Amino acid sequence: MIKEIIHTHITECLERLELSFEKEFSVETPNNTEHGDYSTNCAMILAKENKKSPKALADILIKELKKNKDYKKVELAGPGFINFYLSPAFFQRIFWDIRGTGSSFSEQDFGQGEKVLLEFVSANPTGPLNIVNARAAAFGDTLYRVMKRVGYAPTREFYINDAGNQVDILAESLELRLRELQGDNIGEFPYEAYHGEYVKHLAQKLNAAEGVRVFMMTEKDRIEHLKEFALNELLEMQKTSLERFEVVFEGWVSEKTLRAEGVVEEVLSYLTEADCTFEKEDAIWFASSKYGDDKDRVLMKSDGSITYFVPDLAYHLTKIQRGFTTLIDVFGPDHHGYVPRIKAAFKAMGYDDSMLEIIFLQQVNLFESGERVKMSKRAGKIVTMDDLINEVGKDAARYFFIARKANAHLNFDLELALKQNNENPVYYCQYAHARICSIIKKARKDKVWPKSFKKELVQKLNKTEELAIIQKLADLPELLTLIAVHREPHRLATYLEDLSAMIHRYYAKYQIVSPKSKELSQARLMLLESTKTVMAIVFDLMGISAPEKM
RNA sequence: GCCCCUGUAGCUCAGGGGAUAGAGCAGCGGUUUCCUAAACCGUUGGUCGGAAGUUCGAUUCUUCCCAGGGGCGCCA
């Protein structure tokens with residue numbers, strides 16, 4: 001918000017001086033404090049179009065800028081930077097504005113209600129959710145929360161692949177385990193089947209409930225029955241895991257339902273109309289290579305069944321039909337080869353493929369005692385999302401997932417996530433919040449806490465640390481729009497760590513609740529109370545609890 | 001072979017067309033009659049993987065190369 005204010009002011013000055021400003025210039029916070037609170041490159045950027053040297057332009061501009069008393073100092077530096085030093089009064093005024101908005105601070109209309117569909121996790125309902133699913137859940141949910149706060153109209157959806165080949169294999173796996181329980185010799189468990197322990201648990205549950213009755217059905221009925229049972233159970237299991245992770249979806253879209261609604265035929269006919277399908281070797285193909293894919297893709301296999309691609313494409317079409325104008329898919333690292341084909345289909349059917357945006361999460365490696373935890377899906381040896389939540393807790397898990405850039409591999413140190421000291425950023429940040437709460441409690445006890453804070457108190461906030469905290473608080477709205485635009489929730493973690501460090505340092509250096517000066521104490525309490533509100537906002541965006549006490 | 005991601009301090013990672021590249025941890029040395037020491041302060045540590053190019057200016061953008069990870073099914 002401060003950058004905007006300065007930017008607007010510079011533009012006003014340029015107008016008054018009848019200078020040209022076609023090219024875009026920026027207002028930034030310099031990484032060196034000796035370069036002011038804010039700086040702009042506008043004199044360098046606009047020099048050419050005004051036929052002046054950067055320094056000459058800066059000189060003229062600075063003279064005009066200086067008329068504003070919000071600046072303590074405006075100076076020319078380096079090759080033509082203009083550095084701004086803001087007056088305490090300016091920060092104090094900003095702070096009072098922030099206080100006025102309370103817990104709705106940083107809510108904006110930036111997204112202008114654009115309908116955005118966020119699809120994430122979308123795991124196969126053939127087993128428990130894994131670590132990458134957990135990462136996707138944390139990432140997608142936090143992106144959702146941020147986008148919502150800055151004025152988009154986002155929706156979270158989970159696509160359930162409850163039809164197709166993998167589900168058949170699941171049913172077969174369950175049948176084998178069931179027969180095993182009933183004493184049949186099933187021989188060696190097939191390589192392709194699901195080896196996880198959870199299949200045995202499902203078999204036990206079904207055996208207890210229905211026993212041999214399952215095998216009195218016709219084979220066709222039995223397979224359907226086993227599928228339905230397994231899918232329901234596993235989906236419930238996944239939903240429970242997500243609930244524990246505090247991730248909620250507005251929509252659960254079933255592939256089976258989509259197929260029943262006939263959208264598959266619809267998609268096939270669209271593609272046929274677009275004249276980009278052909279028959280080869282008894283299969284029906286999509287000529288995706290005409291639209292940028294590196295090879296053509298099968299739509300209908302030679303056995304008459306369709307590939308995963310078709311209903312998934314149909315699902316994407318329903319997103320468009322429901323009025324979403326931005327479709328964001330969060331994928332695991334193993335799906336990037338899938339993108340050209342779905343984008344090709346968008347183009348073939350006459351849709352703008354740029355509305356579909358795919359974010360790839362890279363893999364997660366777990367480390368314990370410095371050793372990588374080896375997992376094998378085939379052998380059913382995986383660390384599940386539930387294991388992780390049990391082990392390190394929801395807060396730490398979400399934090400570590402969000403803190404890392406999406407497109408970077410994530411080394412998850414289980415021991416670090418468990419540590420309750422300054423090595424662990426989660427506790428570092430939560431402790432800063434708890435600390436503020438405890439100070440406030442003390443102030444109430446000591447009767448220093450006022451019924452309401454008077455505006456004049458802001459003038460007492462003039463220490464470097466206090467102004468820096470105010471500046472940090474003021475950064476939040478802009479940060480959130482950046483996160484929303486660039487889909488980079490990891491920046492929340494950096495922000496939170498910075499703010500927490502400022503609070504810990506401030507606490508160590510100054511006594512907040514001091515009997516010597518009630519007014520000064522109240523001014524500082526007011527600052528901390530607002531910081532607490534901002535921290536709570538950020539914690540909430542990350543889906544992490546903001547403890548009052550630790 | 002082709003495609004995607006990554007390469008910044010001993011470790012885990014931020015940052016980003018500009019002015020002296022940051023944090024945490026680890027290492028070393030300190031801080032508690034006082035609101036939680038789950039904290040704070042000081043200090044050591046870098047040819048930003050390599051080479052060219054674009055630019056007034058590149059660690060940031062482009063290309064190539066090297067290294068690590070992942071993906072290349074009529075699986076999903």
Side-chain angles (χ1 to χ4, degrees), chain A residues 26 28 30-32 34-35 39 41 44 47 54 77-81 83 122-124 126 159 161 163-167 169 192 255 280-285 294-295 297-309 311-312 331-340 360-363 365 367 370 400 403-413 416 419-432 434-443 445-446 448 490-491 493-495 497-498 500-501 503-515 521 524-525 528 549-550:
Chain A
S26 65
E28 276 157 26
N31 40 25
N32 188 333
E34 282 168 30
H35 296 140
S39 79
N41 59 0
M44 291 183 286
F81 290 102
N83 295 340
S122 293
N124 284 339
T126 52
Y159 177 59
N161 298 134
N165 202 15
Q166 298 300 320
V167 179
I169 296 172
E192 285 297 326
E255 178 185 349
K280 194 177 90 181
E281 293 161 3
D282 296 330
I284 298 175
W285 296 68
D294 52 1
K295 51 185 154 185
R297 308 289 174 174
V298 170
L299 297 169
M300 189 179 282
K301 305 179 214 170
S302 48
D303 67 2
S305 66
I306 52 173
T307 60
Y308 168 81
F309 178 49
D312 188 46
F331 280 3
D334 51 339
H335 278 65
H336 82 260
Y338 186 68
V339 179
F360 288 98
L361 292 175
Q362 294 301 317
Q363 69 184 82
N365 298 318
F367 282 83
F400 280 89
R404 202 78 175 80
K405 271 189 292 202
N407 57 7
H409 299 223
L410 190 151
N411 288 336
F412 197 115
D413 185 334
L416 176 61
K419 279 190 182 159
Q420 303 207 352
N421 61 21
N422 55 6
E423 286 177 52
N424 186 340
V426 188
Y427 286 91
Y428 184 81
C429 296
Q430 287 184 321
Y431 183 42
R435 202 163 223 180
I436 294 175
C437 294
S438 130
I439 295 167
I440 291 173
K441 211 157 124 195
K442 154 100 174 156
K445 206 179 99 200
D446 292 0
V448 177
H490 73 274
R491 288 172 170 230
T494 316
Y495 178 81
E497 285 174 39
D498 287 350
S500 300
I503 289 304
H504 285 309
R505 256 181 262 138
Y506 183 53
Y507 169 90
K509 188 163 174 183
Y510 299 100
Q511 191 176 0
I512 311 300
V513 181
S514 157
S521 299
R524 290 174 169 175
L525 285 164
L528 287 187
K549 206 166 72 178
M550 285 171 77

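A, B, ... follow the sequence lines: proteins, then strands. Residue 1 opens every chain. Every value quoted in this text rests on a predicted model; they were computed, and no experiment measured them.
Residue-to-nucleotide contacts include a donor-acceptor pair under 3.5 Å from the side chain of A:Asn83 to the base of B:A19.
Heavy-atom contacts from other residues, nucleotides or ligands closer than 6.0 Å to NZ of A:Lys301 number more than 12.
OP1 or OP2 of B:C4 has not a single side-chain nitrogen or oxygen of A:Asn407 nearer than 4.0 Å. Look at A:Arg491 and you won't find any side-chain N or O under 4.0 angstrom from OP1 or OP2 of B:A14. In this model, the phosphate group of B:G15 is approached by a side-chain N or O of A:Lys405 to a distance below 4.0 Å at OP1 or OP2. For the OP1/OP2 pair of B:C41 and a distance below 4.0 Å, the side-chain nitrogens and oxygens of A:Arg505 include at least one atom meeting the criterion. OP1 or OP2 of B:C40 sits under 4.0 Å from a side-chain N or O of A:Tyr428.
Between the P atom of B:A37 and the OH atom of A:Tyr427 lies a distance of 18 Å, rounded to the nearest Å. The distance between atom CG of A:Leu410 and atom C1' of B:C11, rounded to the nearest whole Å, is 15 Å. To the nearest angstrom, P of B:C35 lies 18 Å from CD1 of A:Ile503.
For the atom pair A:Thr126 OG1 and A:Asn165 CG, the distance stands at 11.0 Å (nearest 0.5 Å).
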With the sugar-phosphate defined as primed atoms, P, OP1 and OP2, and the base as all remaining atoms, what B/S/- string results for nucleotides 27-32 of chain B, 5' to 3', for protein heavy atoms under 4.0 Å?
------
Quick one: what's the B/S/- string for nucleotides 69-76 of chain B, heavy-atom cutoff under 4.0 Å, read 5' to 3'?
BBSSSBBB
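For the P atom pair drawn from B:C3 and B:G73, the interatomic distance equals 15 Å after rounding to whole Å. As rounded to the nearest Å, B:G57 and B:A19 have P atoms that lie 15 Å from one another. A distance of about 24 Å separates the P atoms of B:G27 and B:G22, rounded to the whole Å. For B:G15 and B:U60, the C1' atoms lie 9 Å apart once the distance is rounded to whole Å. Straight-line distance between the C1' atoms of B:G18 and B:C5: roughly 28 Å, to the nearest whole Å. The C1' atoms of B:U33 and B:U44 are separated by 34 Å, rounded to the nearest whole Å. When the P atom is used for both B:C65 and B:G71, the distance is 23 Å, rounded to whole Å. For B:C35 and B:G46, the C1' atoms lie 40 Å apart once the distance is rounded to whole Å.
Within the 4.0 angstrom heavy-atom criterion, no nucleotide atom of any strand lies near A:Ala432.
Between A:Tyr506 and A:Arg524, the shortest heavy-atom contact is OH-CG, 3.0 Å. Of all heavy-atom pairs between A:Tyr308 and A:Pro311, the closest is O-CD, 3.4 Å.
Closest contact between the side chain of A:His504 and the listed nucleotides B:A19, B:A39, B:A38 involves B:A39.
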Dot-bracket assigned to RNA chain B with the 3.5 Å Watson-Crick/G-U criterion, [ ] for crossing and | for other-strand pairs, is (((((((..((((........)))).(((((.......))))).....(((((.......))))))))))))....
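Seen from the ring of A:Phe309, A:Arg297 does not count as a face-on cation partner, given the 6.0 Å and 45° thresholds.
Each of A:Glu497 and A:Ala434 lies near RNA chain B, and the nucleotide nearest A:Glu497 is the one positioned closer to the 5' end.
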